[in-house]
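Down below is the structure, laid out as structure tokens.
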Amino acid sequence: MNKINNFNLGKLIDFQWKLGVAVSNSYTKELNTPFISVFLKVLDSNNQIESHSFELTVPEFQNFAQQFKDMSSLMESL
Amino acid sequence: MDQPKLFSSLLGFLLKREYENDESLSSLDSLKEMIFSEVDISMESIESMYIKCLNFIKNSIASDYNLSTFESIVKENKEFTDMQQECLIKFWKLNKKKIHEIIYKKTRFNNSLSKMSWRIDLKTKTKDIEEINEAVSIVELKLSNSINSSNSNKLIRFEMDRAQLENTLQNINNIQKHLQATNTN
């Protein structure tokens with residue numbers, strides 16, 4: 001298995017998430033917007049672990065989710 | 001200011017300048033050039049109407065008025081003519097959702113995902129293994145940060161084999177379940 005991944009571009013080693021609601025901000029006291037925070041750990045090609053995080057709105061998350069579903073169904077068809 | 005087309009254009013200008021960060025509209029002088037060039041009106045009157053509309057929109061955003069509340073508040077405001085009130089209502093109806101999203105993103109201090117690309121490869125042979133048949137998905141995520149520019153345009157690339165992809169998808173499905181539960185509550 002390690003040999004197969006000899007030339008990897010990076011390997012996903014952890015995927016954590018948080019679903020939250022932004023309640024208010026400096027512009028509005030009624031923000032009430034759900035968001036998804038994603039935290040990824042990737043082992044890069046130099047064997048260094050890099051952490052990354054980003055935040056998605058619900059429509060952005062739905063698009064993100066759809067792409068993973070598309071990938072998965074293509075993988076299954078192979 | 002008594003023509004609905006001109007007043008609506010002023011509101012459109014306001015949306016672009018204040019919320020969509022259109023840098024070409026940084027000076028209010030362009031408002032006169034672009035919208036009121038053929039009308040006999042002073043720059044002072046244009047500016048004062050612009051500020052009046054801006055304050056009204058800012059207050060509406062601060063309280064996140066729904067359309068019917070917005071409508072009753074705007075109709076109580078005698079600073080606007082009937083025609084201007086109608087234009088404001090139309091503006092709020094069309095743009096409320098968009099503005100709300102912009103307002104959320106203005107304080108998104110974390111990175112956002114600006115682009116996602118992926119590819120599926122089938123590994124058939126390596127130096128050490130004569131024959132393999134391993135599908136991998138390669139994902140590239142482009143992150144950006146409009147607030148902290150030092151973090152902008154970070155690229156993440158990684159591979160996932162079938163098991164890792166299924167595991168990630170399981171996490172994603174869990175998030176979707178929680179989202180649905182939140183919506184139905």
Side-chain angles (χ1 to χ4, degrees), chain A residues 1-13 15-19 21-22 24-45 50 52-78, chain B residues 58 60-65 100-114 116-120 122-123 126-129 132-141 143-145 154 156-162 164-169 171-176 178-179 182-183:
Chain A
M1 198 61 198
N2 284 335
K3 284 179 178 174
I4 292 173
N5 283 314
N6 256 352
F7 298 104
N8 65 17
L9 297 153
K11 196 168 155 59
L12 180 65
I13 52 172
F15 181 103
Q16 292 183 38
W17 56 272
K18 177 177 78 180
L19 172 61
V21 178
S24 3
N25 70 3
S26 14
Y27 301 90
T28 177
K29 57 182 188 287
E30 303 285 348
L31 189 60
N32 303 326
T33 305
F35 66 88
I36 296 98
S37 289
V38 177
F39 181 81
L40 301 177
K41 273 188 189 168
V42 175
L43 185 69
D44 71 15
S45 44
E50 280 197 353
H52 306 276
S53 70
F54 53 93
E55 193 173 303
L56 303 166
T57 60
V58 173
E60 285 169 342
F61 168 73
Q62 299 297 12
N63 177 44
F64 179 74
Q66 189 55 48
Q67 303 215 46
F68 275 88
K69 285 177 189 176
D70 290 349
M71 266 188 269
S72 170
S73 56
L74 273 167
M75 284 271 259
E76 274 173 30
S77 70
L78 285 177
Chain B
K58 270 187 180 169
S60 307
I61 290 171
S63 300
D64 192 35
Y65 290 144
H100 193 81
E101 199 180 323
I102 292 171
I103 291 301
Y104 163 75
K105 287 181 178 170
K106 271 181 187 276
T107 51
R108 173 150 71 179
F109 306 114
N110 203 340
N111 299 320
S112 18
L113 176 62
S114 52
M116 174 173 176
S117 330
W118 52 270
R119 193 175 86 183
I120 309 271
L122 195 59
K123 291 186 180 177
T126 71
K127 181 171 166 281
D128 304 297
I129 304 170
I132 52 170
N133 194 14
E134 185 69 26
V136 287
S137 56
I138 302 161
V139 177
E140 184 181 89
L141 304 175
L143 305 186
S144 59
N145 192 321
K154 207 159 48 168
I156 312 171
R157 281 196 200 105
F158 56 87
E159 290 186 349
M160 288 179 292
D161 59 23
R162 282 176 207 268
Q164 286 173 316
L165 178 59
E166 283 319 301
N167 191 270
T168 310
L169 197 56
N171 272 307
I172 286 171
N173 288 336
N174 280 341
I175 302 172
Q176 283 189 317
H178 284 281
L179 270 176
T182 317
N183 284 341

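All of these numbers come straight from a predicted model, not from anything done at the bench. Convention: sequence-line order gives letters A, B, ...; per-chain numbering from 1.
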Check: Please walk me through it: do A/K69 and B/Q176 pass side chain to side chain contact (heavy atoms under 4.5 Å, CB included)?
Finding: CA-CA 12 Å; A/K69 285 177 189 176; B/Q176 283 189 317; 2.7 Å; yes
Check: Is there a side chain to side chain contact (heavy atoms under 4.5 Å, CB included) between B/W118 and A/D70 once you walk through the steps?
Finding: CA-CA 10 Å; B/W118 52 270; A/D70 290 349; 3.9 Å; yes
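Both the backbone and the side chain of A/E76 come within less than 4.5 Å of a heavy atom of chain B. Interface residue B/I61: backbone and side-chain heavy atoms are both found under 4.5 Å from chain A. Contact of A/L31 with chain B is made through backbone and side chain together, with heavy-atom distances under 4.5 Å. The contact between B/E166 and chain A is made entirely by side chain atoms (from C-beta outward), counting heavy-atom distances below 4.5 Å. Both the backbone and the side chain of A/A65 come within less than 4.5 Å of a heavy atom in chain B. For a residue to count as touching a neighbouring chain, one of its non-hydrogen atoms must lie under 4.5 Å from one of that chain's; by this rule A/V21 does not touch chain B. Contact of B/I103 with chain A is made through backbone and side chain together, with heavy-atom distances under 4.5 Å. Only the side chain of B/I138 comes within contact range of chain A, with at least one heavy atom under 4.5 Å from a heavy atom of that chain. Only the side chain of B/N173 comes within less than 4.5 Å of a heavy atom in chain A; its backbone stays farther off. With a threshold of 4.5 angstrom between heavy atoms, A/K18 does not approach chain B through any atom at all.
The choice from B/L169, B/N174, B/N171, B/T107 that makes the most heavy-atom pairs within less than 4.5 Å of chain A is B/N171. The residue among A/I13, A/V42, A/T33, A/N32 with the most heavy atom pairs within less than 4.5 Å of chain B is A/T33. Ranked by heavy-atom pairs shorter than 4.5 Å toward chain A, the options B/M160, B/R162, B/R157, B/E140 are led by B/R162.
Put simply, the side chain of B/F158 does not reach to within 4.5 Å of the side chain of A/D44, judged on heavy atoms. Between A/F61 and B/I172, the closest side-chain pair of non-hydrogen atoms falls below 4.5 Å. Residues B/I156 and A/E50 have side chains not in contact (no heavy-atom distance under 4.5 Å, counting atoms from C-beta outward).
Between the side chains of B/S63 and A/E30, no donor-acceptor pair of N or O atoms lies under 3.5 Å. Defined by atom type and a distance below 3.5 Å, a donor-acceptor pair is missing between the side-chain atoms of B/N111 and A/S53.
Between the CG atom in B/L141 and the CD atom in A/Q67 there is a gap of 9.0 Å [rounded to 0.5 Å]. With rounding to the nearest 0.5 Å, the separation of CG in B/L143 from CG in A/L40 is 8.0 Å. Distance check: A/T28 OG1 to B/K58 NZ gives 13.5 Å after rounding to the nearest 0.5 Å. Residue B/D64 holds its CG atom at 9.5 Å from NZ of A/K29, rounded to the nearest 0.5 Å. Summarising the geometry, atom OG belonging to B/S112 is positioned 13.5 Å from atom CZ belonging to A/F35; distances are rounded to the nearest 0.5 Å. Here CZ of A/F54 is found 11.0 Å from NZ of B/K154. Values are rounded to the nearest 0.5 Å.
Residues A/M75 and B/L165 approach most closely at CG-CD2, 3.7 Å, considering heavy atoms. Taking every heavy atom of both residues into account, B/T168 and A/L12 meet most closely at OG1-CD2, 3.6 Å. Smallest separation of non-hydrogen atoms from A/M71 and B/S137: SD-CB, 3.7 Å. Scanning all heavy atoms of the two residues, the minimum distance from B/R108 to A/L56 falls at NH1-CA, 3.8 Å.
Ion pair A/E55/B/K105 not flagged as a salt bridge, since none of the NZ, NE, NH1 or NH2 atoms sits closer than 4.0 Å to an Asp/Glu carboxylate oxygen.
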